[in-house]
2 protein chains.
Amino acid sequence: MHIDPIDIVKICKECGLRLTGQRRVIVELLQQASDHPDALELHRRATKVDPRIALSTIYRTLSLLEEKGVLERHVFGSGPARFERADAEHHDHLIDVESGQVVEFRSDEIERLQQQIAREHGFEIISHRLEIYVRPLQRRKRKS
Amino acid sequence: MHIDPIDIVKICKECGLRLTGQRRVIVELLQQASDHPDALELHRRATKVDPRIALSTIYRTLSLLEEKGVLERHVFGSGPARFERADAEHHDHLIDVESGQVVEFRSDEIERLQQQIAREHGFEIISHRLEIYVRPLQRRKRKS
DNA sequence: TTCCCTGCAAAGCCTTTGCATGATT
DNA sequence: AATCATGCAAAGGCTTTGCAGGGAA
């Protein structure tokens with residue numbers, strides 16, 4: 001499965017936004033990220049490239065890119081918002097509460113069931129989120 | 001479907017907690033609530049019964065009752081935490097983004113699929129949340 | 001040159017916490 | 001009487017915002 005890179009040049013051109021160094025850096029970092037970093041983590045990574053970049057710029061850029069549909073914002077548990085590239089194909093998340101690791105999955109069947117449930121209640125779906133909080137499976141039971 | 005009332009007397013007795021007027025009031029309000037109020041809203045309602053009750057007491061009591069398994073905490077979208085009685089049977093939520101109304105539903109099939117997905121990834125489920133953000137269905141298309 | 005964008009600091013929202021007072025056991 | 005719970009106010013985390021200076025078009 002190939003994912004097109006985020007074309008920040010094109011996005012800025014189309015939206016009449018300015019192509020700043022900060023935006024380039026943030027997009028590049030999100031491009032590379034295989035995890036789901038939050039604003040602070042992104043700021044840590046960004047300052048390694050450009051030490052002058054401000055946390056507020058991170059927040060502003062993330063909101064902007066989310067608004068343009070380039071990024072998705074997730075809030076797991078009661079933690080800070082975490083971001084990832086908007087995928088062409090929607091997916092949901094398994095969150096390992098012990099390690100904090102996030103695993104993506106997709107179930108067409110669950111998607112279908114949701115559509116059905118919404119329709120039965122007289123609604124149409126705008127968006128949804130499904131988060132499954134998990135821990136690694138124990139093969140054998142043992143004494144605690 | 002009948003739901004047993006929250007027995008705050010019993011809960012306090014069992015947990016070695018004190019049965020205060022504030023706790024009675026908060027539990028009583030949650031008992032009656034058919035919506036999913038947040039702490040501030042609960043405080044508004046509580047002060048009508050006892051004007052001296054503090055917001056921090058609301059928060060403390062809500063956390064306490066959540067911890068005891070009496071209440072469930074939900075965070076919809078980016079809003080404040082909202083609370084409801086813990087039901088014997090788990091359910092998920094449809095959130096009408098236009099009215100803010102919350103509709104509960106349950107799908108055994110979705111529950112089953114989640115179990116299966118978690119297992120396939122080598123995890124066991126601790127908890128999960130499924131929120132479907134919706135708007136009322138339009139019967140006919142019309143010009144905007 | 002124009003205006004958008006940034007950095008900085010301050011404020012905002014929701015929630016938690018420290019501490020002295022007050023209530024329940 | 002001994003604790004535990006409360007009220008009040010302050011602080012805490014995350015995020016947004018106001019504003020003046022800086023940079024892209």
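Just so we're on the same page: letters track the sequence lines, and every chain starts at 1.
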Given atom [atom1] of [X] and atom [atom2] of [N], what is their separation to the nearest angstrom?
{"X": "A/Leu62", "N": "D/dT16", "atom1": "CG", "atom2": "C1'", "result": "13 Å"}
{"X": "B/Leu64", "N": "D/dT6", "atom1": "CG", "atom2": "C1'", "result": "13 Å"}
{"X": "A/Tyr59", "N": "C/dC8", "atom1": "OH", "atom2": "C1'", "result": "15 Å"}
{"X": "A/Leu65", "N": "C/dC5", "atom1": "CG", "atom2": "C1'", "result": "14 Å"}
{"X": "A/Arg24", "N": "C/dC5", "atom1": "CZ", "atom2": "P", "result": "15 Å"}
{"X": "B/Ile26", "N": "D/dA5", "atom1": "CD1", "atom2": "P", "result": "13 Å"}
{"X": "B/Leu55", "N": "D/dA5", "atom1": "CG", "atom2": "C1'", "result": "16 Å"}
{"X": "B/Arg73", "N": "C/dT16", "atom1": "CZ", "atom2": "C1'", "result": "11 Å"}

Inset, instruction - Output yes when at least one side-chain N/O atom of A/Gln22 is less than 4.0 Å from OP1 or OP2 of C/dG7, else no. - result: yes

Inset, instruction - Decide salt bridge (charged side-chain N to carboxylate O under 4.0 Å, His left out) for A/Arg119 and A/Glu124; before the verdict, give the C-alpha distance in whole Å, the side-chain angles of both, and the deciding distance to 0.1 Å. - result: CA-CA 6 Å; A/Arg119 215 176 321 114; A/Glu124 61 177 327; over 6 Å; no

Legend entry - Backbone of A/Ile110 reached by a side-chain donor or acceptor of A/Ser107 within 3.5 Å: yes

Inset, instruction - Indicate yes or no for a side-chain donor-acceptor contact from B/Ser63 to the backbone of B/Arg60 under 3.5 Å, with no hydrogens or angles considered. - result: no

Inset, instruction - If you link ILVMFWY side chains whenever their heavy atoms are less than 4.5 Å apart, which other residues fall into the same cluster as B/Leu55? By chain and number, please. - result: B/Ile6, B/Ile8, B/Val9, B/Ile11, B/Leu19, B/Val25, B/Ile26, B/Val27, B/Leu29, B/Leu30, B/Leu40, B/Leu42, B/Val49, B/Ile53, B/Ile58, B/Tyr59, B/Leu62, B/Leu65, B/Val70, B/Leu71, B/Phe83

Legend entry - Ring centroid separation A/His128 to B/Tyr133 under 6.0 Å: no

Legend entry - Residue whose closest nucleotide on DNA chain D lies nearer the 5' end, B/Thr57 versus A/Ala39: B/Thr57

Legend entry - Side-chain donor-acceptor contact under 3.5 Å, B/Glu84 with B/His93: yes

Inset, instruction - Would you check if there is a donor-acceptor pair between the side chains of A/His121 and A/Gln116 at a distance under 3.5 Å? - result: no

Inset, instruction - Would you mind telling me which residue lines up with the more 5' stretch of DNA chain C, A/Arg23 or B/Phe83, judged by nearest nucleotide? - result: A/Arg23

Inset, instruction - Let me have a per-nucleotide readout for nucleotides 19-25 of chain D, 5' to 3', with B, S or -, counting only protein heavy atoms under 4.0 Å. - result: ----BBS

Inset, instruction - Describe the nucleic acid contact of A/Leu40 in one word from base, sugar-phosphate, nothing, applying a heavy-atom distance below 4.0 Å. - result: nothing

